[in-house]
Amino acid sequence: MKSIRNKLSLATCSLLTTGNASAEAIENAWELDSSYLYYSEVDRVTVNKLVGTAKGYVSTKDTASIKVVFDSMSGATPTGAVKNTSLTYTGASGGTGISATGESGALSDFDDTRVAVALDWAHEYARTMSVNYNGAFSVENDWRSFSVSATANKENSSRSTKWTLGIAGTYDQIFRVNGNNTPEPLTRVEDGRFLGEGERTTTDIIAGVTRVINRRTIAQLNLGFGIANGYMTDPYKVFSVVDAAGVEWDQYFEGRPDSRMRWTITANLNHMTFPGNNGIHLSYRYYSDDWDVQSHTLDYAHRFNFANADYLEPRIRLYTQTRAEFYQNSFVDTNIGGTPDLPQYLSADYRLDDMDSATAGLTYGVRFGSDADLRTRLEYIYQSFEHSEFDTNKAIVFNISYGKRF
Amino acid sequence: MTIKEEVKPWEKDVLATDTMQFPRDPMQSYLDDHIYFSKEASTGGNGVGGGGCGCN
């Protein structure tokens with residue numbers, strides 16, 4: 001079976017069909033990939049992540065794969081509260097998974113683990129037509145997520161153009177640890193008013209075209225649309241009600257709209273230089289949603305391929321976003337002790353603020369023969385925020401991956 | 001960079017390499033998606049499915 005598939009694949013020189021990633025890969029019936037990621041923010045969150053994938057070419061027309069992910073997350077994360085407070089802080093959560101640190105409660109410690117499994121099956125219905133089916137779940141102390149998706153790929157007869165259409169449905173359950181509940185949005189933290197679990201359904205659609213431009217260049221354009229309904233609030237995030245001097249005198253749970261629509265336009269380009277055979281990899285994404293968030297993402301990587309099967313790849317990623325329309329770092333009310341006249345939605349989550357971000361990184365990869373490879377990368381992420389209580393976030397990323405084909 | 005003529009099957013050696021695929025490294029793309037999904041308000045653009053998380 002393996003030799004038949006090899007001959008067929010090589011004879012047709014299929015380029016764009018998912019699963020036949022390279023001329024070398026298709027000579028193998030099984031592909032394993034494993035990765036360890038260390039992500040650490042300065043004085044904040046640390047994540048250790050392990051990922052393992054196995055992909056098998058189970059017939060001449062079918063590919064099955066499984067991905068298993070284990071995450072361990074801990075550290076301090078901003079609650080949304082300001083640092084300058086007159087409150088005797090009693091904690092935003094009350095759970096053991098996340099608890100207030102410091103006097104103001106502007107940061108909370110948390111500790112969580114996550115296990116996720118994804119199954120994928122790709123079937124080739126015709127020489128130029130295939131469909132990928134995917135099912136996935138993810139479980140952590142305060143979140144459960146289930147998703148299914150199908151992505152169809154259709155190529156033209158010469159396989160120089162591929163059209164892609166994908167749809168996914170996701171169902172999420174959101175709750176706080178040790179309570180399986182969510183706070184009633186825009187209520188006082190001190191009142192401790194809680195509701196049941198939050199639920200969210202999301203539908204995502206993507207349509208794309210991938211086109212061979214010339215012998216050394218290939219380009220892709222994707223249009224994405226997503227709509228989410230249900231509980232969109234973060235059950236741990238709060239905001240401060242402050243006086244004219246910015247001193248907190250009360251604290252409320254945040255509240256967000258119960259729906260969100262998103263649009264993306266993404267363009268990707270891969271080019272191999274001549275001479276030199278170095279890779280130029282450029283990507284741009286425009287994002288917009290009905291929370292008034294708009295963003296631009298530019299990603300550029302340059303791969304220097306060396307003669308002895310190893311490579312070095314510097315990368316830079318630039319990102320900018322506008323804030324959500326209901327984002328405020330705090331709510332000003334000079335009627336201290338009264339009931340503030342809050343807007344319909346309000347969040348002080350720093351991730352919804354005006355933001356600029358840059359990532360600089362370096363990847364080194366090496367092949368061992370034609371069946372194994374090792375990739376290591378080190379990156380530095382810098383985020384700056386316009387209004388948030390913590391105006392920057394800095395992180396380092398270390399990642400090592402090992403792939404083996406049998 | 002113009003489209004002059006169709007690239008013939010026997011001319012697709014370069015295009016068949018790992019570095020010319022989308023994504024080039026599915027593992028790295030998956031890890032990046034998770035990092036930036038957790039730290040930015042934007043998400044998506046290169047595929048659908050895979051599930052969410054409650055990352056802080």
Side-chain angles (χ1 to χ4, degrees), chain A residues 13 15 21-23 33 35 37 39 45 51 77 110 114 116 118 134 136-138 140 142-143 145 147 149 151 158 160 166-168 170 172 174 204 206 210 212-218 220 222 224 226 262 264 266 268 270 272 279 281 285 287 293 295 303 319 321 324 351-352 383 399 401, chain B:
Chain A
C13 201
L15 287 175
S22 71
D33 203 2
S35 190
L37 178 128
Y39 170 93
V45 175
V51 185
T77 187
F110 80 105
R114 170 176 176 261
N134 178 276
F137 72 87
S138 170
E140 53 196 296
D142 50 14
W143 194 288
S145 181
S147 75
S149 69
T151 303
S158 65
S160 59
I167 184 166
T170 304
D172 294 321
I174 305 109
D204 286 299
I206 194 163
T210 304
V212 171
I213 305 296
N214 58 41
R215 192 174 175 177
R216 293 179 163 271
T217 311
I218 188 164
Q220 184 179 65
N222 292 325
R262 307 184 308 264
T264 57
T266 308
N268 299 308
N270 286 338
M272 189 84 84
H281 309 287
R285 179 188 68 182
Y287 169 97
V293 175
S295 75
R303 179 176 292 196
Y319 175 82
Q321 78 175 37
R351 296 168 295 189
L352 297 175
Q383 294 179 298
N399 181 207
S401 303
Chain B
M1 196 181 297
T2 54
I3 304 171
K4 293 176 180 173
E5 58 185 33
E6 200 99 292
V7 178
K8 305 299 182 191
W10 55 88
E11 296 175 329
K12 291 182 174 177
D13 52 338
V14 172
L15 293 167
T17 58
D18 285 345
T19 56
M20 299 300 276
Q21 311 306 311
F22 297 116
R24 288 177 293 133
D25 184 339
M27 180 67 80
Q28 183 165 323
S29 294
Y30 169 78
L31 295 170
D32 275 0
D33 285 349
H34 199 178
I35 290 172
Y36 296 112
F37 164 83
S38 307
K39 295 295 164 186
E40 296 170 350
S42 314
T43 184
N46 279 314
V48 294
C53 73
C55 308
N56 288 282

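Proteins come first, then strands; the chains are lettered A, B, ... in the order of their sequence lines, and each starts at number 1. Since this is a predicted model, take the numbers as computed values, not measurements.
- Within the 4.5 angstrom heavy-atom criterion, only side-chain atoms of A:Asn399, from C-beta onward, approach chain B.
- For A:Val293, the part sitting under 4.5 Å from any heavy atom of chain B is the side chain, from C-beta outward, and nothing else.
- In terms of heavy-atom pairs under 4.5 angstrom with chain B, the leader among A:Thr266, A:Leu352, A:Ile167 is A:Thr266.
- For the set A:Ala324, A:Gly166, A:Ser158, A:Gly226, the count of heavy-atom pairs under 4.5 angstrom toward chain B peaks at A:Ser158.
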Hey, mind stepping through B:His34 and A:Tyr39 against side-chain contact (heavy atoms from CB on, under 4.5 Å) and telling me if it holds?
CA-CA 11 Å; B:His34 199 178; A:Tyr39 170 93; over 6 Å; no

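- Proximity of a side-chain donor or acceptor of A:Thr217 to a complementary backbone N or O of A:Ile213 within less than 3.5 Å is not detected.
- For A:Arg285, the part lying near chain B is the side chain, with the backbone staying farther off; criterion is any non-hydrogen pair under 4.5 Å.
- Looking at B:Glu11, its side chain does come within 3.5 Å of a backbone N or O of B:Lys8 through a donor-acceptor pair.
- The two residues B:Val7 and A:Arg215 make their nearest non-hydrogen contact at CG2-N, 3.6 Å.
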Do B:Thr43 and B:Tyr36 pass the side chain to side chain donor-acceptor pair (under 3.5 Å) test, and can you show the C-alpha distance, the side-chain angles, and the key distance before you say yes or no? CA-CA 8 Å; B:Thr43 184; B:Tyr36 296 112; over 6 Å; no

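- Minimum heavy-atom separation, B:Phe22 to A:Asn270: CE2-ND2, 3.3 Å.
- Contact of A:Ser35 with chain B is made through backbone and side chain together, with heavy-atom distances under 4.5 Å.
- For the options A:Gln220, A:His281, A:Met272, heavy-atom pairs under 4.5 Å to chain B are most numerous at A:His281.
- Considering only heavy-atom pairs separated by less than 4.5 Å from chain B, the leading option among A:Asn268, A:Asn222, A:Ile174, A:Thr264 is A:Asn268.
- Chain A forms more heavy-atom pairs under 4.5 Å with one residue of B:Ser42, B:Pro26, B:Gly45, B:Ala41 than with any other, namely B:Ser42.
- Residue A:Ser138 holds its OG atom at 9.5 Å from CH2 of A:Trp143, rounded to the nearest 0.5 Å.
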